[in-house]
Amino acid sequence: MRIIAIMNQKGGVGKTTTSVNMAAGLAMQGKKVCLVDLDPQGHSSLHLGIEPFGSIPTAYDVFSGFKTLAETRQLVSKNLWVVPSTLDLAATELELVDADNREIVLRQAIQKMAETEPFDYLIMDCPPSLGVLTINALTAATEVIIPLQPHFFALQGLSKLFETTALVRRRLNRELKVSGIVLCLYETGTRLAADVTDDLCAFLNQSDPEAPWSAAKVFQSRIRRNIKLAEAPSYGQSVFDYSSTCPGAKDYAGLVQEIIADEKAEHAPLQRAA
Ligand code: ADP
Ligand code: MG
């Protein structure tokens, strides 16, 4: 199972849009996918049409130990399950402060689910902070994907984010690696977008081989700015269901292909050895 944290401590960079459409795109390719909404704003849940009415079980119940992931996830379309979140999840940051195992609650919950029902992908939409929810995601993850808006200050934010992954790798999760950066809200043909992309590639090329991001790449698929991506959430649909031929659907379909190709690349050495 690939356990992917979609992370960036900055808001509005495309984390939720990427989590939802990546999850939906992978499910359409026949992968069994569970999307865990770790943002108390609950945007991924809403994006896929889950209205937090009544007392539906949510990620908060998992962190509180009242429910398992299997008891909270909901099937939203073929192959795609969502563990929803609501504002309750904001309390988790406070409630876990004094807990001894506060950084590993989610990892344990995922391990428990994997024992009985394996998924191909578990995708975590992180909140825009480096608090305990994000640390839980990084501790549980096998890899991190970073949505980034090409922007003059984007690289500065990235170094803080990378430091956090290095810290988690040292203390909590030896397996953690940053697999890639997805450029979102990309303005094709602008000088700024091209310059930031070049700087980013140069930065990654000279990274320390021991760092979690040493093998990170910039995904070839650039997610262009496309209004359909911003409209789809209000219909409770992924971009593929909302407008299957728009540029946003094409860009995310390309990203999904790259992610599936990485799956094969990871297994390639074994195939060669056989
Ligand atoms: P985050 O989860 O990082 O806060 P979102 O994915 O919610 O970011 O994106 C922020 C806003 O930008 C949302 O309103 C979303 O619909 C919109 N958006 C995201 N990506 C695109 C895109 N490629 N083109 C147009 N709008 C986008
Ligand atoms: Mg979000």
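Ligands are counted one by one from 1 in listed order, and the atoms in each one are counted from 1 as well.
- Within the structure, ligand 1 lacks P128 among the residues with a heavy atom less than 4.0 angstrom away.
- Heavy-atom minimum distance, V196 versus P150: CG1-CA, 3.9 Å.
- Considering both main-chain and side-chain atoms, G12 comes within under 3.5 Å of ligand 1 through a nitrogen or oxygen pair.
- Formation of a donor-acceptor pair under 3.5 Å by the T190 side chain with backbone atoms of A193 is found in this model.
- Note on E117 versus R73: salt bridge recorded, some NZ/NE/NH1/NH2 to OD/OE distance being below 4.0 Å.
- Shortest contact from atom 21 (C) of ligand 1 to any protein heavy atom: L185 CD2, 3.5 Å.
- Of the heavy atoms in H43, none comes closer than 4.0 Å to ligand 1.
- In terms of protein heavy-atom proximity, atom 24 (N) of ligand 1 is nearest to N226 N, 2.8 Å.
- Using 4.0 Å as the threshold, G14 has a heavy atom nearer than that to some atom of ligand 1.
- Listed by number with element, the atoms of ligand 1 under 4.0 Å from a non-hydrogen atom of A230 are 16 (O), 26 (N).
- The N/O atoms of K15, backbone and side chain alike, include one that comes under 3.5 Å of an N/O atom in ligand 1.
- At least one N, O or S atom of T16 sits under 2.8 Å from the Mg ion (ligand 2).
- Within the listing of ligand 1, atoms 5 (P), 6 (O), 9 (O), 15 (C), 19 (C), 20 (N) sit less than 4.0 angstrom from a heavy atom of T17.
- A distance-only check finds a donor-acceptor pair linking the side chain of N173 to the backbone of A141 [under 3.5 Å].
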Checklist line | salt bridge (Lys or Arg N to Asp or Glu O under 4.0 Å) between D251 and R224, worked out | finding: CA-CA 7 Å; D251 294 346; R224 290 166 284 176; 2.8 Å; yes
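- In terms of N/O distances under 3.5 Å, ligand 1 is not approached by I227.
- Remark: ligand 1 atoms within the under-4.0 Å shell around heavy atoms of R224 are 22 (C), 23 (N), 24 (N).
- Within the 4.0 Å cut-off (strictly below), no protein heavy atom is located near atom 13 (C) of ligand 1.
- Under a cutoff of 6.0 Å and an axis angle of 45°, K31 and Y121 do not form a cation-pi pair.
- Residue contact check: G11 has heavy atoms under 4.0 Å from atoms 4 (O) of ligand 1.
- Using cut-offs of 30° and 60° on the angle between ring planes, the pair W81 and F119 is perpendicular.
- A salt bridge links R171 with E103: the closest approach of a Lys/Arg side-chain nitrogen to an acidic carboxylate oxygen falls below 4.0 angstrom.
- Under a 4.0 Å heavy-atom criterion, G248 is not in contact with ligand 1.
- The closest side-chain donor-acceptor pair between Y252 and T17, if any, does not fall under 3.5 angstrom.
- Within ligand 1, counting atoms from 1 as listed, the ones closer than 4.0 Å to a heavy atom of V13 are 1 (P), 3 (O), 8 (O).
- Contact atoms of ligand 1 toward I223: 23 (N) (distance under 4.0 Å to a heavy atom of the residue).
- Between the side chains of T142 and E175, not a single donor N or O lies within less than 3.5 Å of an accepting N or O.
- Using a 4.5 Å cut-off on side-chain heavy atoms (C-beta onward), R102 and I135 make no contact.
- Considering both main-chain and side-chain atoms, K10 never comes within under 3.5 Å of ligand 1 through any nitrogen or oxygen pair.
- From the protein, the heavy atom lying nearest to atom 7 (O) of ligand 1 is T16 CB, 3.9 Å.
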